[in-house]
Peer 1: 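Sending over a structure as structure tokens; questions will come in a sec.
Numbered from 1 within each chain, the chains take letters A, B, ... in sequence-line order.
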Amino acid sequence: MKIGYPCINQSLDCTSSTTFRLASYSDERVEQTVAANLACLQRILEYNVAHGLLFFRISSGIVPFGSHPVNTFPWQSRFAAEFRAIGDYIKAHGMRVSLHPDQFVVLNSPSPDIVQRSIAELVYQGSMLDLMGLDSTAKLQIHLGGLYGDRDTAIERFIATFHTLPAAVQVRLVVENDDRLFSLQDCLRLHAATGTPILFDNFHHECLNHGEPMAEALRLAAATWHPTRDGVMMMDYSSQSPGERKGKHVSSIQEDLFRGFLHELGSLDADIMLEIKDKEASAHRACGILRGLSLVPPAPAGYTAPTFPPALTDSSALPPRKARTPKKPVAER
DNA sequence: TCATGTCAAGGCGTC
DNA sequence: GACGCCTTGACATGA
């Protein structure tokens, strides 16, 4: 079992997703930005190894406009050695990585243009994993897409598009149950038609389900992962932020809830991505809980637990945000 | 230097 | 049909 967090490390003074506006595009700027992003990614991975955090979601912004026609810079060849070195580091330390294209990737859109752009984005993100030399257990995580008023047709359109994807993308693709539109049951239908594993999100399942108890849902999702092709089941973990709208992720891990979740998980193995606002701070605490249960290896030699501010369990504990002037209506802009 | 507006990309819900 | 929201950091710009 590996514990991870997505994209951003708040303890380091760098980011692996520096980008820029389309209007200021230049090949030189792409080259400088990718170099800086990859250097930061390497630092984050080294931090993670040093702290026993062996699961990480790589930012999809490593290459600015990676799938946009404006980007004609040959970043694949220019940075081949850097990608390979990062992949070697990941493999040497037994890490697991994933990527999560954002909401603009919609494979079941009725618009052919949107579908083509979505495929281009998946090809771009998958090619980074290919350049790293990582096998098909490194995944591309997406949602099923839009509903468009007809669930059956929406799912069928996804299945039809899936069969047109490059094989290199197909083997990396995993589909996550979401919190509003497509439940675990919808993802199971998709799996039956495509073989795509289900990336189970416990919090989304709490928001949208058909009455399946958590333990049963976990077993259904785990059964969609092929042991050699896909590896250990990946999943997202989060919980409801107290006092906030339904579906809002919590700011910092609630340890009692996490222990309860591990009880539901039982003997199932899973690599768990914490979708929690304070990133590696919660990941450290989750690892501490797992070590107490002997579910993860002991901390590396020389490891000292970082100190973080007290857990923020509700928004009232957050520092007050500076008031911003309300947006003007579009007509006045 | 600081504050604020805005950013490639989609879709749902509300009014 | 228009708009706000999702989620979020940080780039870009103007004061």
Side-chain angles (χ1 to χ4, degrees), chain A residues 5-26 29-30 32-33 36-37 40-41 44 57-73 99-125 141-151 153-155 157-158 161 176 178-183 186 201 203-204 207-208 236 238 240-241 244-251 273-280 315 318 321-333:
Chain A
Y5 61 97
C7 303
I8 294 168
N9 180 300
Q10 297 179 331
S11 303
L12 299 175
D13 58 356
C14 71
T15 171
S16 62
S17 58
T18 301
T19 185
F20 45 83
R21 301 286 167 86
L22 185 58
S24 51
Y25 178 90
S26 71
R29 196 157 183 185
V30 170
Q32 291 169 3
T33 302
N37 286 343
C40 183
L41 174 59
I44 293 173
R57 182 183 299 163
I58 296 173
S59 166
S60 52
I62 295 284
V63 180
F65 309 105
S67 66
H68 193 287
V70 73
N71 186 345
T72 55
F73 182 76
L99 283 151
H100 192 348
D102 63 23
Q103 74 270 29
F104 304 113
V105 170
V106 186
L107 288 184
N108 75 342
S109 172
S111 160
D113 288 346
I114 291 171
V115 173
Q116 284 311 307
R117 282 196 291 271
S118 298
I119 294 173
E121 180 70 13
L122 290 171
V123 168
Y124 146 60
Q125 298 201 21
Q141 167 185 354
I142 62 171
H143 290 283
L144 212 154
L147 203 54
Y148 310 100
D150 184 339
R151 181 176 308 275
T153 305
I155 293 174
R157 211 162 37 232
F158 186 107
T161 300
E176 175 187 357
D178 69 66
D179 59 344
R180 291 184 307 153
L181 306 176
F182 293 105
S183 66
D186 296 316
D201 186 309
F203 183 34
H204 290 168
C207 297
L208 178 68
D236 287 348
S238 190
Q240 174 67 44
S241 180
E244 301 278 359
R245 65 161 179 84
K246 182 185 176 189
K248 176 85 170 177
H249 289 196
V250 74
S251 299
M273 178 68 62
L274 301 179
E275 288 199 323
I276 295 177
K277 198 172 176 62
D278 66 0
K279 306 289 181 181
E280 75 277 10
S315 58
L318 292 165
R321 295 188 65 159
K322 191 171 289 186
R324 291 180 66 155
T325 309
K327 277 185 182 177
K328 287 182 180 177
V330 171
E332 296 176 25
R333 289 181 197 164

Peer 1: Rounded to whole Å, how long is the line connecting atom CG of Leu147(A) with atom P of dC6(C)?
Peer 2: 20 Å
Peer 1: Given dA10(C), dG10(B), dC12(B), which nucleotide is nearest the side-chain atoms of Arg180(A)?
Peer 2: dC12(B)
Peer 1: I need the CG-C1' distance between Asp278(A) and dT8(C), as an integer number of Å.
Peer 2: 15 Å
Peer 1: Examine Phe182(A) together with His143(A) and report whether their ring centres are nearer than 6.0 Å.
Peer 2: no
Peer 1: In the structure shown, which nucleotide is the Watson-Crick or G-U wobble counterpart of dA8(B), with both distances under 3.5 Å?
Peer 2: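 Looking at the geometry, dA8(B) pairs with no nucleotide.
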Peer 1: Choose from dA12(C), dA9(B), dG11(B) the nucleotide whose nearest atom is closest to any side-chain atom of Arg21(A).
Peer 2: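 For Arg21(A), the side-chain atoms sit closest to dA12(C).
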Peer 1: Is the aromatic ring centre of Phe104(A) closer than 5.5 Å to the centre of the six-membered base ring of dA9(B), with the two planes inclined by less than 30°?
Peer 2: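 Yes, Phe104(A) stacks on the base of dA9(B), since the ring centres sit under 5.5 Å apart and the planes are within 30°.
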Peer 1: Is dT8(C) paired to anything, Watson-Crick or G-U wobble with both distances less than 3.5 Å, and if yes, which nucleotide?
Peer 2: none
Peer 1: To the nearest Å, give me how far apart CD (Gln10(A)) and P (dG9(C)) are.
Peer 2: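 Answer to the nearest Å: 8 Å.
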Peer 1: Between dA10(C) and dG11(B), how far apart are the C1' atoms? Round to whole Å, please.
Peer 2: 25 Å
Peer 1: For Thr19(A), report the nucleic acid contact type (base, sugar-phosphate, nothing); a contact means any heavy atom under 4.0 Å.
Peer 2: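 Touches sugar-phosphate only.
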Peer 1: Given that Gln103(A) and Phe20(A) both sit by DNA chain C, which one's nearest nucleotide is further toward the 5' end?
Peer 2: Gln103(A)
Peer 1: Starting from C1' on dA8(B), measure out to OH on Tyr124(A) and report it in whole angstrom.
Peer 2: 13 Å
Peer 1: Nearest of dG10(B), dC12(B), dA9(B) to any side-chain atom of Leu181(A)?
Peer 2: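 Among the listed nucleotides, the one closest to the side chain of Leu181(A) is dC12(B).
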Peer 1: Taking the side chain as every heavy atom from C-beta outward, state whether Phe65(A) and Leu22(A) have any pair of such atoms under 4.5 Å apart.
Peer 2: yes
Peer 1: Determine the interatomic distance between P on dG4(C) and the same-named atom on dG5(B); round to the nearest Å.
Peer 2: 14 Å
Peer 1: Taking the same atom, P, in dT13(C) and in dA8(B), what whole-Å distance lies between them?
Peer 2: 11 Å
Peer 1: Within the structure provided, determine whether Leu144(A) and Ile155(A) are in side-chain contact (heavy-atom separation under 4.5 Å).
Peer 2: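 A side-chain contact exists here, since the closest heavy-atom pair is under 4.5 Å.
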Peer 1: Does any non-hydrogen side-chain atom of Ile142(A) lie less than 4.5 Å from one of Phe158(A)?
Peer 2: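 Side chain of Phe158(A) against side chain of Ile142(A), heavy atoms only: contact under 4.5 Å found.
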Peer 1: What integer distance in Å separates Asp150(A):CG from dG11(B):C1'?
Peer 2: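 For the pair Asp150(A) CG and dG11(B) C1', the rounded distance is 16 Å.
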Peer 1: Please give, in whole Å, the distance from dA9(B) C1' to Tyr25(A) OH?
Peer 2: 17 Å
Peer 1: Nearest to the side chain of Ile114(A) - dA9(B), dA12(C), dG11(B)?
Peer 2: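 Among dA9(B), dA12(C), dG11(B), the one nearest the side chain of Ile114(A) is dG11(B).
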Peer 1: Do the ring planes of His204(A) and His249(A) sit parallel (below 30°), tilted (30 to 60°) or perpendicular (above 60°)?
Peer 2: tilted
Peer 1: For atom P, what is the distance between dG9(C) and dC12(B), given to the nearest Å?
Peer 2: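 Their P atoms lie roughly 26 Å apart.
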Peer 1: Could you check Gly145(A) against Phe65(A) and say which one's nearest nucleotide on DNA chain B is further toward the 5' end?
Peer 2: Phe65(A)
Peer 1: Could you tell me whether the phosphate oxygens of dA10(C), OP1 or OP2, come under 4.0 Å of any side-chain nitrogen or oxygen in Thr18(A)?
Peer 2: no
Peer 1: Students often get this wrong, so: under 4.0 angstrom with heavy atoms, is Ser118(A) touching a base, only sugar-phosphate, or nothing?
Peer 2: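 Contact class for Ser118(A): none.
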Peer 1: Does Ser109(A) have a side-chain nitrogen or oxygen under 4.0 Å from the phosphate oxygens OP1 or OP2 of dG10(B)?
Peer 2: no
Peer 1: Nearest whole angstrom, please: distance from the C1' of dC12(B) to the OH of Tyr148(A).
Peer 2: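 Nearest whole value for this atom pair: 11 Å.
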Peer 1: Please state whether the phosphate of dA12(C), meaning OP1 or OP2, lies under 4.0 angstrom from any side-chain nitrogen or oxygen of Ser24(A).
Peer 2: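 Yes, Ser24(A) has a side-chain N/O under 4.0 Å of OP1/OP2 on dA12(C).
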Peer 1: Between P on dA10(C) and CD1 on Ile62(A), what's the gap in Å once rounded to a whole number?
Peer 2: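 Taking atom P of dA10(C) as the reference, CD1 of Ile62(A) is at 13 Å.
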Peer 1: Any side-chain heavy-atom pair from Asp236(A) and Arg57(A) closer than 4.5 angstrom?
Peer 2: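 They are in side-chain contact.
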